[in-house]
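All remarks here apply to the structure that follows.
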Amino acid sequence: MVDNSVNNEQQKKANFIHVQIEEDLKNGKNGKRVHTRFPPEPNGYLHIGHAKSICLNFGIAQKFDGKTNLRFDDTNPSKEETEYVESIMNDVRWLGFDWEDRLYYASDFFQKLHDFAVQLIKEGKAYVDDQNAEVISSQKGTPTRPGEESPYRNRSVDENLDLFMKMTAGEFDEGSCVLRAKINMASPNMHMRDPIIYRIMKAHHHRTGDKWCVYPMYDFAHGQCDYWEGITHSICTLEFEVHRPLYDWFVDQLQDSDYRPRQIEFARLNLTYTVMSKRKLLQLVKEGHVNGWDDPRMPTISGLRRRGYTAESIRNFSDRIGVTKVDGVIDVSLLEYSVREHLNKTAQRVMGVLNPLKVVITNYPENESEELDAINNPEDPEMGSRKVPFSRELYIERDDFMENPPRKFFRLSPGTEVRLRYAYFVTCNDVVKDENGEITELHCTYDPASKGGNSPDGRKVKATLHWVSAKHAVKSEVRLYDRLFSDETPDGHEADFLEFMNPDSLQILPECYLEPFVKNARPLDHFQFERLGYFNLDFDSTAEKPVFNRTVPLKDSWAKEQNKG
RNA sequence: UGACCUGUGGUGUAAUUGGCAACACGUCUGACUCUGGAUCAGAAGAGUCCAGGUUCGAGCCCUGGCAGGUCAACCA
């Protein structure tokens, strides 16, 4: 079962696409139906930019009581793989959307597309061109200079039919000829200058195998697939704006009713510090700069999921950024805010120590322990509480102790008293060092009367530390992820974007101690390690070696507070 | 110098038929906290790319500029 609910806490803003659809509905267009589609090419994994498109397409259908299809745009067998098809379906479902029984492939329509091409030839609207790519390209002219007509443009219908059948039968080599629509070589729109609609490709297709050796081009396939699937609003990104006249031209040739899909373009998502180009992401994977498409540093949906981002937070993010035709760049902090916002409400709190310093409570009996109550989530009382074991030997965060504290340092130092959260007040008496002068452990005493964290005499303490019982703690590996690129717009750099890779994007902390509660964790369960950030258990964890990924740190005003003094 | 598209605080979006430019993130204050980067309270920050015009009144309408983007793959 797929969770199809979308967080509606804030009323979704109407955008220009909604306005257009309402207009169409008012005019009774297409029988007042609303039917969208999400049409990825299965040539890579989906990323956060696709998430925007998915939320948009499915969101519109939900808003207008319509339907959304999933369609794989698989017209180029040389780039497409079944692995990608599967990951895409998985990611769309995980995001919380359901295409029900409406799964399509452009390749489902290969025969109809071919028939349509034959129809165009018969109507004198398409011809076979025997020239090679360079010649065709040079005849195409430039945006400011009209193109010239191919010498093969006025072949007879019979000859074109014969040649196209031979192309289809595999009698010609790749690149030796193509089928072109006969439109207008002088059009100010380059896409109308007799666009290529079929090319010869003797490649194995992931679904149709070796059945075909001619494949339709995007422009020839997309609008017709929309038409045959009954799509009413075909939403795509801005770069297809100039293709729209061609989209309409093909659909006009197909027309046998009043029904007409409408292409609407919106601005694709750009995020600061984030590479979104599929080609570059593929390069990062292929050259081993990351450990696969689902590496937690990747902006892919599978990477974000593994990193601990929730589907709900991605949907909320997508609502928040809106939909326009303005080509902008969104600050990643907005995405991170969306995750924190959701995780803050839902994440289980757990104490943990990433950089341990041993503390011995000298007046606590040896071989004894007790269990203290701890709140699971102060944001949500219904999450209840848990027991945290306390004993003579503990770990605290190394940063929480300073031997010679500056004035405003209120945490542990020799002679000061602090609270151990949910436990007792403790005072540091001794600092134990090794031969190099490194601090190896602290000796403290506790006040048994302060059990639970309050002292009966009402004395206050200036800091509260988180801690973990050494004997009971779960030792685990924690991986801190940072942004993969140091440059604000690495996507802007074509060839040299790798030079901006952040060498510290992955920091592995092999010996961290977490309270025993995390033994119950399953992959993808998320936690807030008090004061350290949000984490989730990774897929490649084992019971012997649990691995936690940091989803996102908490915002850093606490550190600022310290720097003030 | 062709076609198409876009221009509102640092960023992203709003603004009914023209009516005091609103919201969120970010930033900065202060308060409260048995973690907090949470929460609460508050502040700064744009006069809407420019110039004209219509109007009592223009971010919205008109005219002319300017700036940016997309398009010349047998990719999608």
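What you see is a predicted model; the values in this text were computed from it and never measured.
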Item to check | Integer angstrom distance from the P of B:C25 to that of B:C40 | outcome: 11 Å
Checklist outcome for this item: Among the nucleotides B:G36, B:C25, B:U35, whichever has the atom closest to the side chain of A:R421 is B:U35
Next on the checklist: Can you confirm whether or not the ring centre of A:Y309 sits under 6.0 Å from the ring centre of A:H342?
Outcome noted: no
Next on the checklist: Taking A:L354's backbone N and O only, do any of them form a donor-acceptor pair with A:E397's side chain (distance below 3.5 Å, no angle check)?
Outcome noted: yes
Item to check | Pairing residues for A:R483 by the salt bridge (Lys or Arg N to Asp or Glu O under 4.0 Å) criterion, not counting sequence neighbours | outcome: none
Next on the checklist: Taking B:A46 as the reference, what is the distance to B:U63 when you measure between their P atoms (whole Å, please)?
Outcome noted: 31 Å
Item to check | Separation between the C1' atoms of B:A43 and B:C5, rounded to whole Å | outcome: 39 Å
Checklist entry - Taking for each residue the nucleotide of RNA chain B bearing the nearest heavy atom, is the 5' side occupied by A:R419 or by A:G322? => result A:G322
Next on the checklist: In whole Å, measure the gap between the P atoms of B:G47 and B:G65 for me.
Outcome noted: 26 Å
Item to check | Euclidean distance for C1', B:C23 against B:C66 (whole angstrom) | outcome: 30 Å
Checklist entry - When you measure from the side chain of A:T144, which nucleotide among B:C25, B:G2, B:U35 comes out closest? => result B:G2
Next on the checklist: Just to verify, what does A:R419 make a salt bridge (Lys or Arg N to Asp or Glu O under 4.0 Å) with, not counting sequence neighbours?
Outcome noted: none
Next on the checklist: Determine whether a donor-acceptor pair (one donor, one acceptor, N or O, separation below 3.5 Å) exists between the side chain of A:D331 and the base of B:G10.
Outcome noted: no
Checklist entry - Using the C1' atom in both, what is the distance from B:A72 to B:G59, to the nearest Å? => result 37 Å
Item to check | Residues that A:Y227 engages under ring pair (Phe, Tyr, Trp, His ring centres under 6.0 Å), provided they are two or more places apart | outcome: A:Y259
Checklist entry - Excluding sequence neighbours, so at least two apart, what forms ring pair (Phe, Tyr, Trp, His ring centres under 6.0 Å) with A:Y424? => result A:F390, A:Y446
Next on the checklist: Under 4.0 Å, heavy atoms only, any strand: does A:G453 hit a base, just the sugar-phosphate, or nothing?
Outcome noted: base
Next on the checklist: Once side chain to side chain donor-acceptor pair (under 3.5 Å) is applied, do any residues pair with A:S333, and if so which ones, sequence neighbours excluded?
Outcome noted: A:D331
Checklist entry - If we take the P atom in both B:G26 and B:C62, what is their distance in whole Å? => result 38 Å
Checklist entry - Looking just at side-chain N and O atoms, do A:E229 and A:Y104 make a donor-acceptor pair shorter than 3.5 Å? => result no
Item to check | Results of ring pair (Phe, Tyr, Trp, His ring centres under 6.0 Å) for A:F220 - residues two or more places apart only | outcome: A:F116, A:Y198, A:F250
Item to check | Residues which pass ring pair (Phe, Tyr, Trp, His ring centres under 6.0 Å) with A:H493, listed by chain and number, not counting sequence neighbours | outcome: A:F500
Checklist entry - Starting at NE2 of A:H342 and ending at P of B:A38, how long is that distance when rounded to a whole Å? => result 17 Å
Checklist entry - Which part of the nucleic acid, if any, lies within reach of A:T324 when heavy atoms closer than 4.0 Å are counted: base, sugar-phosphate only, or nothing? => result sugar-phosphate
Next on the checklist: Categorize A:R340 for me: base, sugar-phosphate, or nothing, with a 4.0 angstrom heavy-atom threshold over every strand shown.
Outcome noted: nothing
Next on the checklist: Rounded to whole Å, please give me the gap between NZ in A:K345 and C1' in B:G36.
Outcome noted: 17 Å
Item to check | Length of the line joining A:E265:CD and B:A3:C1', which is rounded to integer Å | outcome: 14 Å
Next on the checklist: In this structure, how many angstroms lie between the P atom of B:U11 and the CZ atom of A:F317, rounded?
Outcome noted: 16 Å
Checklist entry - Can you give one letter per nucleotide of nucleotides 70-76 of chain B, going 5' to 3': B for a protein heavy atom under 4.0 Å from the base, S for sugar-phosphate only, - for none? => result BSBSBSB
Item to check | Distance in angstrom units between A:Q263 CD and B:C5 P, rounded | outcome: 13 Å
Next on the checklist: Please classify the glycosidic conformation of B:G64 as syn (within 90° of 0) or anti (everything else).
Outcome noted: anti
Checklist entry - What distance, rounded to whole Å, do you find between the two C1' atoms, one in B:G12 and one in B:U17? => result 28 Å
Next on the checklist: Tell me which pairs pass salt bridge (charged side-chain N to carboxylate O under 4.0 Å, His left out) where either residue lies in residues 177-197 of chain A, with sequence neighbours left out.
Outcome noted: A:D129-A:R180, A:R153-A:D194
Checklist entry - Roughly how many Å is it from NZ in A:K460 to C1' in B:C32, rounded to a whole number? => result 12 Å
Checklist entry - Taking protein heavy atoms under 4.0 Å as touching, what does nucleotides 45-50 of chain B look like 5' to 3' if B marks base contact, S marks sugar-phosphate-only contact and - marks none? => result ------
Item to check | Secondary-structure notation, RNA chain B, from Watson-Crick and G-U pairs under 3.5 angstrom (| other strand) | outcome: .((((((..((((.....[..)))).(((((.......))))).....(((((..]....))))))))))).....
Checklist entry - Less than 6.0 Å separating the ring centroids of A:W467 and A:Y395? => result no
Checklist outcome for this item: A:L282 meets the side-chain contact (heavy atoms from CB on, under 4.5 Å) criterion, sequence neighbours left out, with A:Y84, A:K286, A:W293
Checklist outcome for this item: A:K325 NZ to B:G12 C1', in whole Å, measures 18 Å
Checklist outcome for this item: To the nearest angstrom, the CG-C1' distance between A:N377 and B:U35 comes to 12 Å
Next on the checklist: At 4.0 Å (heavy atoms only), tell me whether A:V329 reaches a base, stays on the sugar-phosphate, or touches nothing.
Outcome noted: sugar-phosphate
Checklist entry - Would you call A:E312 and A:K345 a salt bridge, using N to O less than 4.0 angstrom? => result no
